[in-house]
Amino acid sequence: MGDTQSKNFIEVEIENDLKNNKNKEIVTRFPPEPNGYLHIGHAKSIIYNYQIAKKYNGKFHLRFDDTNPQKENEEYVKSIIDDVNWLGVDYNNEVLFASNYFDKMYEFAVLLIKKGLAYVCDLSADEIKKYRGDYNSIGKNSPYRDRSIEENLKLFEEMRNGKYENGEKTLRAKIDMSSPNLNMRDPVIYRIAKINHHNTKDKWCIYPMYDFAHPLEDAIEGISHSLCTLEFEDHRPFYDWVVKNCEFKYPPRQIEFAKLYLTNVITGKRYIKELVDKKIVDGWDDPRLVTISALKRRGYTPNSLKNFVELSGISKANSSCDYELLEYCIREDLKLKTKRMMAILDPIKLIIENYPTDKIEYLEIPYNVENESIGIHRFSFSNELYIEREDFQINPPNKYYRLYIGNEVRLMGAYYIKATRYEVDEFGNVKTVYAIFDENTKQDGRVIDRKVKGTIHFVDAKTAKSAEFRIFENLVDEEKGKINPDGTINYNKNSLTKKYGFIEKELADAKAFDSFQFIRTGYFNVDYKDSSKDNLVFNRIVDLKSSFKL
RNA sequence: UGGGCCAUAGCCAAGCGGUAAGGCACAGGACUUUGACUCCUGCACUCGAUGGUUCAAAUCCAUCUGGCCCAGCCA
């Protein structure tokens, strides 16, 4: 979809770099830590990084930033690969791991030691914190800062060989304890962690820190532009320090952009996890969530997300995109692709009194009038139908042009009917509406002598199948504020409504993830988890816009 | 509090000294066998504020205000 005609600030920088021959080629990357599920914010990063690479005929890498074995595991690796595959970005069929560079990283650490730019420190975590100082006071040099290169080399090798316990020693970069940027006050670059790594198993007991590892990963892979989010801006001086002192010919360049926030939903691993843990939602792919797996289950498409990322733009301003933009994108993507079928979510009976009781006829209209190549929709009609409860009113409001006593409307693809009488149940709710039809108004292309204002949809009760429909509302209460002062989530208890109605017979064969437009009620897909042959469950992906409110 | 970053419509977002693009949302109208779609129309005399430079400022300068990030051996 739409090429963005205007360039964003990152593209301006890249084109400058290209002009100045700073890069051989453009290579970007998506570097997730395998410690959780991906959500729409990650999708922005994946899609944008990929699109940049594509735009400049470059490459895109998928690389796991797996430098902290304590938080990472194989399950997350797998789910992330699944999600990235589903998005359909091209990463050259090669899944990369930072942990595959541990040997090289170790060598670079040794190089820094030899250059007098790194030292082994015996301070405890608490002591390092104290020595670091704070916003108002400069730090103090570690008493171990001036160890000889030989001693540092020996100590670091011993760290690697497991001579010391967790927390006993660290390797630190030697920079400036008085820097106003706390990240430059001799940051730790290697720590001891005697724990198995999902990829390297027990080969290592020391692991590089993000700040040291990341620039190296980028440089090793020939990444030209390392695009990340704003909170890493303060880390850029150290990033540049590392690539400079490790002497890379084509140093990668880090450029930061703002994270994507969306109204009405919660992004943020921690909060999603809380909803999952408290069983407020049905796992990581609950359709109300915005994890990639949830969006997929709900019925969002890779295309819709790509378009969303493109339309929501890239900048450095913290912002929160209207959820309506995402909805617009999925409607746009599904509009011409889906069959438009009929389903009744909140049924009442409609009896056509002058239609033969023993007759079933079959009617035909295109599945999608905007894209007739999808084919012809054939559906049954009889004297006994289901229609939506809201399509019949005892006391119609102003400008209501659906069914009420005496009013003539069109049954979509069938006949004109006029309501004659109705029956209510013991609570006063309409149960059955009776009508007569005009056999000269069959919707088969013949010219009809009069027009009607309203067209309503229906399913034939004699062939209909029952089904469940799930209507989702905002999971979080935006009015109250998404997050309580105590850090818990304000969630909307009415965020899931289950309705039990009817679908036309053809829909009974629908398979998991199939999506449809149900005429007048929205786009739906078949829930892959809760559907069975006997009980099809449809998720409403998004409703149709409507200028009519009952 | 020291440092870094940000501020253009309800929400995103272009704009880079020559007189405010575009999209979403919203409102009105046309069309309509989905109150959908589509198509028209409208939607910032003004760019966080105040001063200054200039023939000319959203763009340059100064000051101020507001918001976000940083004191992990997390990423």
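A note on names: the letters A, B, ... follow the listed sequences, proteins ahead of strands, and every chain is numbered from 1.
The side chain of A:S315 contributes no N or O atom lying less than 4.0 Å from OP1 or OP2 of B:rC12. Between A:R340 and the phosphate of B:rA36, there is no side-chain N or O to OP1/OP2 separation shorter than 4.0 Å. Dashed line: the shortest gap from a side-chain N or O of A:S137 to OP1 or OP2 of B:rG2 is not under 4.0 Å.
Among residues two or more places apart in sequence or in another chain, the side-chain hydrogen bond (donor to acceptor under 3.5 Å, both in side chains) test is passed with A:Y144 by none. Looking at residues two or more places apart in sequence or on another chain, you find a side-chain hydrogen bond (donor to acceptor under 3.5 Å, both in side chains) between A:D444 and A:R446.
When the C1' atom is compared between B:rG17 and B:rU53, the two are found 12 Å apart, to the nearest whole Å. Straight-line distance between the C1' atoms of B:rU54 and B:rU19: roughly 14 Å, to the nearest whole Å.
A:Y400 comes within contact range of at least one nucleobase, with a heavy-atom separation under 4.0 Å. If you check every strand for non-hydrogen atoms under 4.0 Å, A:S320 touches sugar and phosphate atoms only. A:R402 comes within 4.0 angstrom of a base, heavy atoms only.
In this structure, B:rA56 makes no Watson-Crick or G-U wobble pair, since no nucleotide meets both defining distances under 3.5 angstrom. Partner assigned to B:rU38 is B:rA30, using Watson-Crick or G-U wobble distances below 3.5 angstrom. B:rA75 is unpaired under the Watson-Crick or G-U wobble criterion, no partner having all donor-acceptor distances under 3.5 Å. In this entry B:rA13 has no Watson-Crick or G-U wobble partner, no candidate having both defining distances under 3.5 Å. Across all strands shown, B:rU46 has no partner, as no Watson-Crick or G-U wobble contact with both distances under 3.5 Å is found. Across the strands present, B:rC5 finds its partner in B:rG67; the criterion is a Watson-Crick or G-U wobble pair with both atom distances under 3.5 angstrom.
Atom NZ of A:K306 and atom C1' of B:rG23 are 20 Å apart (whole Å). In this entry the distance linking CZ of A:R331 with P of B:rC24 reads 11 Å, nearest Å. Taking atom CD on A:E370 and atom P on B:rA36, their separation rounds to 12 Å, with Å as the unit. Atom C1' of nucleotide B:rC37 and atom NZ of A:K335 are separated by 6 Å, given to the nearest angstrom.
Nearer to the 5' terminus of RNA chain B, by closest-nucleotide assignment, is the contact made by A:K316 (compared with the other of A:D444 and A:K316).
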Would you tabulate the pairs of protein nitrogen or oxygen atoms and nucleotide nitrogen or oxygen atoms of nucleotides 26-30 of chain B closer than 3.5 angstrom?
unit_1, atom_1, unit_2, atom_2, d
B:rC26, OP2, A:K545, NZ, 3.1

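For A:Y328 against B:rG23, a side-chain-to-base donor-acceptor contact under 3.5 Å is absent. For A:Q517 against B:rU34, a side-chain-to-base donor-acceptor contact under 3.5 Å is present.
At a threshold of 4.0 Å, the pair A:K337-A:D333 counts as salt-bridged, since one of the basic side-chain nitrogens sits closer than that to a carboxylate oxygen.
Legend: side-chain hydrogen bond (donor to acceptor under 3.5 Å, both in side chains) pairs involving residues 179-194 of chain A, not counting sequence neighbours, sorted by first then second residue: A:Y119-A:D186, A:R145-A:D186, A:E165-A:K194, A:N181-A:N183. Sorted by first and then second residue, the side-chain hydrogen bond (donor to acceptor under 3.5 Å, both in side chains) pairs with a member in residues 34-43 of chain A read A:E33-A:N35, A:N35-A:K269, A:Y37-A:E75; sequence neighbours excluded.
Note: A:F156 and A:Y106 have parallel aromatic rings, judged against thresholds of 30 and 60 degrees for the angle between ring planes. Between A:Y367 and A:H377, the ring planes lie parallel to each other; the angle is under 30°, not in the 30° to 60° tilted range.
Between the A:T200 side chain and the A:H197 main chain, no donor and acceptor come within less than 3.5 Å of each other.
The two residues A:V309 and A:A43 have their closest heavy-atom pair at CG2-O, 4.3 Å. Across A:R540 and A:I471, no two heavy atoms sit closer than the pair NH2-CG2, 3.1 Å.
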>> Does the protein touch nucleotides 68-75 of chain B at the base, only the backbone, or not at all? Give it as B, S and - per nucleotide, heavy atoms under 4.0 Å.
In response: SBBBSBBB

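Base orientation of B:rG52: anti (glycosidic angle beyond 90° from 0).
When each of B:rG4, B:rU33, B:rA14 is scored by its nearest atom to the side-chain atoms of A:N8, the top-ranked nucleotide is B:rA14.
Under the 4.5 Å side-chain criterion, counting only non-hydrogen atoms from C-beta, A:Y131 is in contact with A:P143.
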